[in-house]
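Only heavy atoms go into these numbers, but all of them, side chains included; no hydrogens, no water, no symmetry mates. In what follows, chains carry the letters A, B, and so on, assigned in the order in which the sequence lines appear, proteins first and then strands, with residues in each chain numbered from 1.
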2 protein chains.
Amino acid sequence: MNPTSSALPTPDEPTETGTRQIRDAIRDAIVERRLSPGTKLSESDVGNLFNVSRTLARAALQALSYEGLVSVEKNRGAFVAYPSPDEARQIFAARRLIEPGILREAAARITQSQIQHLRQLLLEESRLIGERGQTARRAEIKASGDFHLTLAAISGNTIMQRFMEELVARSSLVIALYGQSTISSCGHSEHGDIVSAIENKDLDRACHLMLHHIAHIEADLDLRERKGQGLKEAFDL
Amino acid sequence: MNPTSSALPTPDEPTETGTRQIRDAIRDAIVERRLSPGTKLSESDVGNLFNVSRTLARAALQALSYEGLVSVEKNRGAFVAYPSPDEARQIFAARRLIEPGILREAAARITQSQIQHLRQLLLEESRLIGERGQTARRAEIKASGDFHLTLAAISGNTIMQRFMEELVARSSLVIALYGQSTISSCGHSEHGDIVSAIENKDLDRACHLMLHHIAHIEADLDLRERKGQGLKEAFDL
DNA sequence: ACGCAAAAAATCGTATACAATTTGGCATCT
DNA sequence: AGATGCCAAATTGTATACGATTTTTTGCGT
């Protein structure tokens with residue numbers, strides 16, 4: 001129906017205003033890697049930080065827990081999720097499973113203006129890659145994920161869109177934990193190739209490129225068990 | 001690794017005990033259609049019903065809201081979700097998109113004992129179809145969904161498993177709202193055919209059957225806008 | 001000094017309390 | 001009689017309070 005401005009921000013449904021803000025703020029912080037995996041998120045601290053009571057802080061943390069971005073342990077508190085290698089594999093397996101499908105849907109209903117929107121995203125991404133500094137790096141991470149999210153939005157299925165939001169966010173955590181190469185985001189040129197394939201209506205090629213792209217990200221991971229943040233193991237190698 | 005007993009009940013992670021029980025109880029009630037779409041779920045009532053404070057009742061309702069089974073409206077309260085025709089289409093589109101993938105994964109790693117487990121589920125399903133009465137009908141609905149959920153469990157991907165749980169639950173709501181035929185569950189024989197195809201290692205056929213199966217369920221729906229439970233439109237036709 | 005036990009502090013789990021908003025009813029006016 | 005405005009009841013939004021559990025600190029004995 002409408003271009004790309006699908007139901008991304010959710011009109012007004014999610015009940016209270018405060019919880020939503022807090023949830024989104026923390027989620028962004030996690031996705032942009034300003035919060036490291038394993039970081040403790042005390043209810044009181046979160047509440048104080050956002051000037052709300054523990055009630056709302058707790059609600060936000062529980063929501064994030066449902067998305068798999070924070071893990072809450074009974075009577076111990078909430079922590080930024082620390083995905084295990086197995087979880088990481090499942091996250092990427094899930095992406096391999098659903099992204100081709102989303103791509104086909106998106107390609108089927110994509111409009112010219114949406115293609116232009118995608119190209120603009122890519123341009124912005126390139127610009128950020130060129131820049132230096134933490135801020136640019138964080139924006140680059142977000143932009144890289146936004147490409148996949150925009151594709152999901154174009155597909156027109158808000159449910160798949162939400163699934164992808166979760167998977168992209170969790171992928172960011174995985175890359176933060178297990179990523180090897182310094183390049184924080186995934187191969188940028190691959191995004192462009194996918195858009196080109198879509199534009200040429202070559203669906204099979206687009207899907208193939210997408211799978212290759214995901215495999216490429218995954219190949220950059222060193223999926224070995226890592227215990228708590230910094231202990232003996234850190235000095236053994 | 002292990003047969004079918006994957007991480008279905010989630011060991012102990014989901015924080016508090018009470019909230020989880022309430023959430024599961026209400027979810028079951030919705031899936032088994034003891035709660036109709038649109039039914040108001042007052043926080044006080046829910047709390048009294050389960051002998052807990054509004055705090056826990058509210059937490060449970062918010063969790064269900066995140067799963068799409070209840071919709072909470074600011075300052076108005078929580079209601080059993082009333083999926084729109086468009087939402088219904090998206091739910092089934094999502095299922096068509098991911099179930100073949102799950103099926104392939106499941107077929108790839110299925111063991112003999114898991115096949116037997118599936119066959120046993122089918123047997124139980126047939127038995128329930130034969131029986132009469134509300135209780136049997138409800139059990140039949142649950143069994144029908146359990147087939148798809150078990151397949152997801154066999155696939156070994158807990159993330160996709162959770163997605164499927166949400167989709168199956170929401171499908172139940174959609175069928176309750178828009179289903180036409182009296183037969184509450186989807187074609188039982190189709191489940192059996194899928195298992196056979198898996199057993200014969202005929203993946204393409206299994207996927208084809210699965211898509212056909214989902215289409216079959218969807219074809220039984222009358223996806224036309226229905227406004228609130230009973231108003232003028234109810235008398236116009 | 002080191003290890004262990006008990007107390008103190010911090011943090012979570014749940015209930016209750018109060019403020020804000022909505023809903024329904026009653027009185028009043030046209 | 002019907003419509004309108006206002007007040008009371010009910011319900012949600014948020015904060016605070018209290019009990020339970022975990023973690024840290026402290027102090028003692030060996």
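- Following rounding to the nearest Å, B:Leu41 (CG) and D:dT11 (P) show an atom-to-atom distance of 13 Å.
- For the ring pair (Phe, Tyr, Trp, His ring centres under 6.0 Å) test, residues two or more places apart in sequence or in another chain that qualify with B:Phe147 are B:His191.
- Summarising the geometry, the separation between CG on A:Leu56 and P on D:dT16 is reported as 11 Å, rounded to the nearest angstrom.
- Of the possible donor and acceptor atoms, one in the side chain of B:Gln114 sits under 3.5 Å from a partner among the backbone N and O of B:Thr111.
- Looking at residues two or more places apart in sequence or on another chain, you find a side chain to side chain donor-acceptor pair (under 3.5 Å) between A:Asp86 and A:Gln90.
- In this structure, A:Glu73 atom CD and D:dT22 atom P are separated by 12 Å, rounded to whole Å.
- Mapping A:Gly77 and B:Ser53 onto DNA chain C by nearest heavy atom places A:Gly77 at the nucleotide closer to the 5' end.
- With rounding to whole Å, A:Ile22 atom CD1 is found 9 Å from D:dT14 atom P.
- Shortest non-hydrogen contact noted between B:Val31 and B:Ile141 is O-CG2, 3.6 Å.
- Using modelled atom types, one finds no donor on one side chain facing an acceptor on the other under 3.5 Å when comparing A:Ser155 with A:Arg109.
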Provide a list of protein-nucleic acid N or O atom pairs under 3.5 angstrom, restricted to nucleotides 22-24 of chain C.
from: C:dT23; atom 1: OP1; to: B:Arg76; atom 2: NH1; distance (Å): 2.8

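- As a whole-Å value, the separation of B:Arg54 CZ from D:dA10 C1' is 11 Å.
- B:Tyr66 carries A:Arg162 over the face of its six-membered ring, with the cationic atom under 6.0 Å from the centre and within 45° of the normal.
- A search for side chain to side chain donor-acceptor pair (under 3.5 Å) contacts involving A:Glu43 returns A:Arg54, A:Arg58, not counting sequence neighbours.
- The stretch residues 42-51 of chain A has no heavy atom under 4.0 angstrom from DNA chain D at all.
- Contacts of A:Glu218 classified as side chain to side chain donor-acceptor pair (under 3.5 Å), with partners at least two apart in sequence or in another chain: A:Arg96.
- At a threshold of 4.5 Å between non-hydrogen side-chain atoms, the residues B:Phe92 and B:Val174 count as touching.
- Distance from the side chain of B:Lys40 is smallest for D:dT11 among the nucleotides D:dT14, D:dT11, C:dT14.
- We find that CZ of B:Arg58 is positioned 11 Å from P of D:dA15, with the value rounded to whole Å.
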